[in-house]
Amino acid sequence: MRTVTYCTENEETPGLTPGAISEQLGVASNTLSFHLKELAHAGLVSQERHGRNLVYRASYQTMNGLLAYLTENCCQGALCLTEEAASCNC
């Protein structure tokens, strides 16, 4: 989840390399590669080759579609968290 969050918080960038994401998040490269591959397979991030580097970008259209689906079908349009859970400082 931190990978998606980091990619979406940096939408003004033309994309991020796995090395830049790994460095910023403090995640091992092999772990990050696994997650980026799965996110790309799900369509939540796009992958583009620039020379020898892979560049990843968040796919906002797909993410918005997923959030809309989850809100409509999982929460029935209601808040998914109780007031107590939403105010948790964890």
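No hydrogens, no waters, no symmetry mates; every other heavy atom, side chains included, goes into these values. Please read these numbers as outputs of a predicted model, since none were measured by experiment. We count residues from 1, following the sequence as given.
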Distance in Å, Ser33 OG paired with Leu54 CG, rounded so as to fall on 0.5 Å steps:
8.5 Å
Donor-acceptor under 3.5 Å (Ser22 side chain, Pro18 main chain):
no
Minimal heavy-atom distance between Ala58 and Met63, with the atoms involved, is CB-CE, 3.8 Å
Are Val55 and Leu36 connected in a single hydrophobic cluster, I mean Ile/Leu/Val/Met/Phe/Trp/Tyr linked by side-chain heavy atoms less than 4.5 Å apart?
no
Measure the CD-CG distance between Gln47 and Leu39 for me, rounded to the nearest 0.5 Å.
11.0 Å
Given Leu67, Leu44, Val45, the one that forms side-chain contact (heavy atoms from CB on, under 4.5 Å) with Thr62
Leu44
OG (Ser46) and OH (Tyr60) are apart, to the nearest 0.5 Å, by 10.0 Å
Pairs involving residues 22-46, ordered by first then second residue, that meet salt bridge (Lys or Arg N to Asp or Glu O under 4.0 Å) (sequence neighbours left out)
none
Heavy-atom neighbours of His50 NE2 exceed 12 at 6.0 Å:
yes
What are the two closest non-hydrogen atoms of Leu32 and Val27, and how far apart are they?
N-CG1, 3.9 Å
Tyr56 side chain near Leu16 side chain, heavy-atom distance below 4.5 Å
no
